[in-house]
Engineer: 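Below: one structure in structure tokens.
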Amino acid sequence: MRFSVARLARRLHAIGLENGHGGHQLGCEEAIATIKGSKMLQNSRVPVHWREVIPETVTGRGISQIEGVIQNSKKLCAAVQQAIIEDIGSGDREELLVVGGDHSCAIGTWSGVASRLRPYGDIGLVWVDAHLDAHTPNTSPSGNLHGQPVAHLLGFGNDELSRIGDAFPKIKPENLVFVGIRSYEPEEREFLHKLGVRIFYDDEVQKRGISDVMSEAVDRVSHKTYGFGLSIDMDGFRVEDAPAVGTPASGGIIADEFLKFMTTHAMDKLLVTELVEFLPKYDDVNRTSEKLVTDLVEHIYLPRFARYDIAEELDQRRRKQAYA
Ligand SMILES: NC(=[NH2+])NCCC[C@H](N)C(=O)O
């Protein structure tokens, strides 16, 4: 049934988690309201149907937010599981987008997807980011939970957080790849290297180009899996392409080339996309980050919805400054 017939998906369903207290700076909790109200996104060719928006539970800042993140992760996981029960985000007709929030939301998102699809197979994950986000509470220098989702998804760290959805690790190291990495602490790099996780650092991306790297990344996470997820942190892109972030890092992915890849590579096994770390109050006068969020949604999903080759049309739309 899956992947054997042409996809005729018609709707993009979205789940939002309004979380921000896992971040280094506050403000990502405002991303859902901005994206929901975005005229650019409403005028895009991929209308978003909001299924559910989950308010954030706050218990503190830094590591004191861990109780809050446990609550938020459980709620987001349940919402994602329910969507997949309804055949949304499971590789069939209906597509699922999860919007954060700070990147700690990834624990809820991918725990929901992995636990629900476990009877069918493992899931893969492409983690597009400037950061590795692979600390445990013991190694994190900042205590911030947005720097810790990956370790928990691999089955390490806080017991409650690593057992959201079910008691098993959510991602196997061989089914995880990072793209665009350029800011991390030695402990998290060491941890991932020991597990044998493939990391495409920013210098490799600069050398090979994002298209070449992404096609290898997608191949790797598709190989032995039921399907894969895409977790996109806005700070993975160059600051000029995505200014509205709380932890910017120099270098980064050229958004235009990333978007072009999305229209030229089939990504048949993509299950769910997650967009995180958009911090609206830092957007510029042209609302460059809001435009990139819109472009990402259009470039990832329009090719999946259209029956004809959409690459050229998207190319033209991207170049048009009409939104600003
Ligand atoms: N999702 C993010 N923006 N993560 C940034 C993490 C920064 C740093 N490695 C930390 O643990 O605090």
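Ligands are counted one by one from 1 in listed order, and the atoms in each one are counted from 1 as well.
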Engineer: Counting only heavy atoms not in H49 (residues, nucleotides, ligands), do more than 12 fall under 6.0 Å from its NE2?
Structural biologist: yes
Engineer: Would you please test H21 and E29 for side chain to side chain donor-acceptor pair (under 3.5 Å) and show each step?
Structural biologist: CA-CA 8 Å; H21 286 68; E29 65 279 12; 5.0 Å; no
Engineer: Only counting residues at least two apart or in another chain, list the ones meeting ring pair (Phe, Tyr, Trp, His ring centres under 6.0 Å) with F168.
Structural biologist: none
Engineer: side-chain hydrogen bond (donor to acceptor under 3.5 Å, both in side chains) with H152: which residues, sequence neighbours excluded?
Structural biologist: none
Engineer: Would you check ligand 1 and list the protein residues that come within less than 4.0 Å of it by any heavy atom, ordered by chain and number?
Structural biologist: H103, H131, D133, H135, S142, H146, G147, E185, E188, D233, D235, T247, E277
Engineer: Please list, chain by chain and in numerical order, all residues satisfying side chain to side chain contact (heavy atoms under 4.5 Å, CB included) with Q81, sequence neighbours excluded.
Structural biologist: C77, S115, R116
Engineer: Using a cut-off of 6.0 Å, state whether more than 12 heavy atoms not belonging to K281 lie near its atom NZ.
Structural biologist: yes
